[in-house]
Protein chains: 2
Amino acid sequence: MKFSTRDRYALRLMVELANRGPGEPLSLKSVSDRQGISQKYLEQIVTPLSRAGLVSSSRGSQGGYRLTRPANEITAGDILRAIEGDLVPIPCLASQAETCPRRPQCHTIGFWDGLRQVIDRYVDGITLEQLRTMKADDLPLPELE
Amino acid sequence: MKFSTRDRYALRLMVELANRGPGEPLSLKSVSDRQGISQKYLEQIVTPLSRAGLVSSSRGSQGGYRLTRPANEITAGDILRAIEGDLVPIPCLASQAETCPRRPQCHTIGFWDGLRQVIDRYVDGITLEQLRTMKADDLPLPELE
DNA sequence: ACCATTCCAACCGAAATTGCAGGAAAGGGG
DNA sequence: CCCCTTTCCTGCAATTTCGGTTGGAATGGT
């Protein structure tokens, strides 16, 4: 049960973009330099973010990527789902999954679905703006104090 | 971000054991028959549960496994941690991880640590007894109603 | 002695992960 | 108009993880 490097890098990439003003685009080259992630790998990561409509791009010199919405209207959940698809802990719960024949007798599906909800609520409750302004050891536990 | 079949099967295996009285052991053969998981694979799964002290075994005819504690004193977290080790969403947070050089400037570590805590609280709040008595579409969201 | 069971260790194919390489297309600045 | 920067697209490849299977040894009840 681990999130992939793509998930982690996507968050860091988006934080970089959030640090930029809304107008001017930021190139992957500069993100690569500052975050120590190869430019080529960043290209792979930004593609689904672009397809999900979270960022837009400009080509050519002085080009790059920028957020399509203000950072406080983008959640960590938006970003992770753009990379991962459904954010489900087990395949059974994916929206396109065929229903398990063992489902009616299953004692654990409720547990997993509860976990899914807990994760959803957490990631949807944290905005990119919160991430951007967060220091290294801050803990953003909203309603859990 | 998925939990493995081992995690899922471990829960189902433990529910089967919880359905048994505390005295008499249940063989993997019968679990295999009822749950449709190969006996050999179950052997792999029960081993870490045994090493973690959640179950004990008797060999030979009429042998099998039984819980070492009552089902309401074992949590889903106990079971998953026995299989997975640390229940951390990213390697950075593992107890044996060397500290990332980028740590002081990292804007996302707090997010991930918060997620870890949310997951921990959930899985540690659900007991094997709750799982056992849970029907297919029950949702065990304790304090979240 | 037999048989059911746990225990132990190796192996194995398929899939996912984590990238890298090589361009083609587009756009701005000189 | 040419060059440079950048995005965009495709393919590949090494490594690890996943999801088991296989084979057998040790143990213990009957």
For this session: Find the distance B/Y65:OH to C/dA4:C1' and express it as a whole number of Å.
Result: 13 Å
Exercise. Separation of B/I45 atom CD1 from C/dT6 atom P, in whole Å?
Worked result: 13 Å
Are [X] and [Y] linked by a side-chain donor-acceptor pair shorter than 3.5 Å?
X: A/S95; Y: A/D86; answer: yes
X: A/R8; Y: B/T108; answer: no
X: B/S4; Y: B/Y9; answer: no

For this session: Would you give a per-nucleotide map of nucleotides 18-30 of chain C, 5' to 3', where B means the base has a protein non-hydrogen atom under 4.0 Å away, S means only the sugar-phosphate does, and - means neither?
Result: BBB-BB-BBBS--
Could you list the donor-acceptor pairs under 3.5 angstrom formed between side-chain atoms of residues 43-50 of chain B and any protein atom two or more places apart in sequence or on another chain?
unit_1 : atom_1 : unit_2 : atom_2 : d
B/Q44  : OE1    : B/R6   : NH2    : 2.3
B/T47  : OG1    : B/E43  : O      : 2.8

Could you check whether any side-chain N or O of [X] sits under 3.5 Å from a backbone N or O of [Y], counting only pairs where one atom can act as donor and the other as acceptor?
X: A/E84; Y: B/M1; value: yes
X: B/Y65; Y: B/S57; value: no
X: A/T68; Y: A/G53; value: yes
X: A/E73; Y: A/P70; value: no
X: B/D124; Y: B/R121; value: no

Exercise. Looking at residues at least two apart in the chain, or sitting in another chain, which of them share a salt bridge (charged side-chain N to carboxylate O under 4.0 Å, His left out) with B/D78?
Worked result: B/R69
I'd like a table of donor-acceptor pairs (distance under 3.5 Å, sequence neighbours excluded) in which one partner is a side-chain atom from residues 21-36 of chain A, with atom names and distances.
unit_1 : atom_1 : unit_2 : atom_2 : d
A/S27  : OG     : A/S30  : N      : 3.3
A/S27  : OG     : A/S30  : OG     : 3.3
A/K29  : NZ     : A/D33  : OD2    : 3.2
A/S30  : OG     : A/S27  : O      : 2.8
A/S32  : OG     : A/I37  : O      : 2.7
A/Q35  : OE1    : A/R12  : NE     : 2.8
A/Q35  : OE1    : A/R12  : NH2    : 3.1
A/Q35  : NE2    : A/E16  : OE2    : 2.7

Problem set entry | DNA chain D: 5'-proximal contact among A/R51 and A/G63 (nearest heavy atom) | A/G63
Seminar exercise, completed: First and last nt of DNA chain D near chain B, cut-off under 4.0 Å to heavy atoms, 5' to 3', are D/dG19 to D/dG29
For this session: Residues of residues 25-35 of chain B with any non-hydrogen atom less than 4.0 angstrom from an atom of DNA chain D: list those, numerically ordered, please.
Result: none
Problem set entry | Which residue lies more 5' along DNA chain C, comparing B/T47 with B/M1 via nearest heavy atoms | B/T47
Problem set entry | C/dC7 OP1/OP2 closer than 4.0 Å to side-chain N/O of B/S57 | yes
